2 protein chains.
Amino acid sequence: METGKPQQADSGEARRERKRRQILDIARDVFLRDGFSGTSMSEISAKVGGSKGTLYAYFASKNELFQAVLEDFLARHEAEISGTITAGGPPGEVLLAFSERFLEVLLRPENLALLRLVYAEAGRFPEVGQAFYDSGPANAEQHLAEYIRGAVEGGFLKQDTEPYLAARQMILLSQGWIHNRRLWNVTPAPSEAEIKENAHAAVRTFLAAFGA
Amino acid sequence: METGKPQQADSGEARRERKRRQILDIARDVFLRDGFSGTSMSEISAKVGGSKGTLYAYFASKNELFQAVLEDFLARHEAEISGTITAGGPPGEVLLAFSERFLEVLLRPENLALLRLVYAEAGRFPEVGQAFYDSGPANAEQHLAEYIRGAVEGGFLKQDTEPYLAARQMILLSQGWIHNRRLWNVTPAPSEAEIKENAHAAVRTFLAAFGA
DNA sequence: TCAGTATCGTACCATACTGTACGGTCAAAA
DNA sequence: TTTTGACCGTACAGTATGGTACGATACTGA
């Protein structure tokens, strides 16, 4: 969107990299909006501005472009979604912060669209589902489980808590009903207060089950 | 699949109804497999056996057929998914039975495929998401909430339990991690033992939070 | 028996799709 | 300045799509 005309210091390798990025950004929007089958290479090429030949010089097929788009998207958002856990503190605060931030990130339109896309294509393209899982949920699960293990050792949580089980339940509760309703498109975007409320409810239930 | 040749008592109204059902059954499979954009009317017509003209004599457009397929599918499965709650007994047993059955139903391939389809199309066709929500999740939520209200009044659960909040959390926990992993297609179908284990964990956490 | 209708096969329309080909253009590298 | 190579516009191949048209045929209902 930001690279209308080539600027000065723009040659060779760098130029190619810029164009590639531009294609990926545009293709991402279209794929997220229309799904894999519903997306046309011609439209992408038209939006990029160049010719279809050029598009195919960067990505040999629709499939390849799709994979590249997802890889790029997931890599960008991996840090964000798994960086929601700050280790060390007491569960009451840490988990509340995690839960809020987690849901807020999940509810962003781009991430809802990504989830829809992944769900839709995971059946036909298992590697898509796998890539998504590895870069998102698996990370969140692991980070959270590690934090929980620490909290157990620190005496904040019940001694017999299974970190991975607890982490998964915490994620499910944090995700909440709102998230599903947003995915099904039966409710408008919630207010920040509703998100906070969901987080509180999640933490309350979690601590009732696993608190020391 | 089962109606190859017309049988004897087969005329007028009934005949038409049978053919309609046959088309719906076949179209359902194709839509669930390939999604809306990926599905071709020609393929459906070929699988049905007749001509494309006939297909269009029953459903005026791809859109109309799609809507009809979903309506039919949802109506058939509505009872099953919301009939998983048997009122009256103590939460320990009722909720365990619900949780197990709920997850087992959710994990059936046809329902996973339906969920994928609904997620995928809910963005573009809000009425699809709404119809699904009304016929599935909304029912489950309401039935469960009503049971929980009864259990609170019966002294089985904490007096300050909010039935709808508790119901939603119970559903989220029941759904579990497995369900997501199946949707993302990163794990094979779980054994019955795993399903039971998930249900136990869900009930344990639920009762820790809301038990009297 | 006979009219009416549902269905059939097939061809077709207009459009869209992915992917390729090709000659012209323009800017960077030598 | 000359060469190189990326990029452009456009056209095209080949196939598939949703949807229609139409005459032939088989079957239902009276």
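Because the structure is predicted, anything quoted here is derived from the model rather than measured. All chains are named by letter (A, B, ...) in the order of the sequence lines, taking the proteins before the strands, and each is independently numbered beginning at 1. Below, each value reflects all heavy atoms present in this structure, side chains not excepted, and no hydrogens, waters or symmetry copies.
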Taking [atom1] from [X] and [atom2] from [N], how many angstroms apart are they, rounded to a whole number?
{"X": "A/I23", "N": "D/dC7", "atom1": "CD1", "atom2": "C1'", "result": "11 Å"}
{"X": "B/F36", "N": "D/dT17", "atom1": "CZ", "atom2": "C1'", "result": "12 Å"}
{"X": "B/E43", "N": "D/dG18", "atom1": "CD", "atom2": "C1'", "result": "14 Å"}
{"X": "A/D34", "N": "C/dT18", "atom1": "CG", "atom2": "P", "result": "11 Å"}

Dump every N/O contact between nucleotides 8-10 of chain C and the protein below 3.5 Å, one line per pair.
unit_1	atom_1	unit_2	atom_2	d
C/dC8	OP1	B/K19	NZ	3.4
C/dC8	OP2	B/T54	OG1	3.0

Determine whether A/I23 and A/L65 make a side-chain contact, defined as any pair of heavy atoms from C-beta on separated by less than 4.5 Å.
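When only atoms from C-beta onward are counted, A/L65 and A/I23 do touch, with a gap below 4.5 Å.
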Going by the angle between their ring planes, with limits at 30° and 60°, are A/F66 and A/F125 parallel, tilted or perpendicular?
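If you compare the ring of A/F66 with that of A/F125, the planes turn out tilted.
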For the pair A/Y133 and B/W184, name the ring-plane relationship: parallel under 30°, tilted 30 to 60°, perpendicular over 60°.
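Tilted: the ring planes of A/Y133 and B/W184 meet at 30° to 60°.
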Do the side-chain N or O atoms of A/S40 get closer than 4.0 angstrom to the phosphate oxygens (OP1, OP2) of C/dT18?
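Yes, because at least one side-chain N or O of A/S40 sits under 4.0 Å from OP1 or OP2 of C/dT18.
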Is the closest side-chain donor-acceptor distance between A/N198 and A/E194 under 3.5 Å?
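Per modelled atom types, A/N198 and A/E194 side chains form no pair under 3.5 Å.
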Tell me yes or no: between the side chains of A/S37 and B/S37, is some donor less than 3.5 Å from an acceptor?
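Absent: no donor and acceptor within the cut-off.
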Under 4.0 Å between any heavy atoms, over every strand shown, what does B/T39 touch: base, sugar-phosphate, or nothing? Just pick one.
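B/T39: backbone/sugar contact only, no base atoms under 4.0 Å.
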Mind checking B/S45 for me? I need base, sugar-phosphate or nothing, with any heavy atom below 4.0 Å counting as a touch.
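No contact.
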Using the ring of B/Y58 (Phe, Tyr or Trp, six-membered ring only), decide whether B/R16 places NZ or CZ under 6.0 Å from its centre and within 45 degrees of its axis.
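Judged by the rule, B/R16 and B/Y58 form a cation-pi pair.
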If the test is side chain to side chain donor-acceptor pair (under 3.5 Å), which one of A/R28, A/Q67, A/R21, A/R20 qualifies with A/D72?
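Testing A/D72 for a side chain to side chain donor-acceptor pair (under 3.5 Å) against A/R28, A/Q67, A/R21, A/R20 leaves exactly one candidate, A/R21.
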State the CD-CZ distance between A/E162 and A/R168, to the nearest 0.5 angstrom.
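Rounded to the nearest 0.5 Å, the CD-CZ separation comes out at 8.5 Å.
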Interface residues of residues 55-65 of chain A with DNA chain C (non-hydrogen, below 4.0 angstrom):
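When residues 55-65 of chain A is checked for heavy atoms under 4.0 Å from DNA chain C, the hits, listed by number, are A/Y56, A/S61, A/K62.
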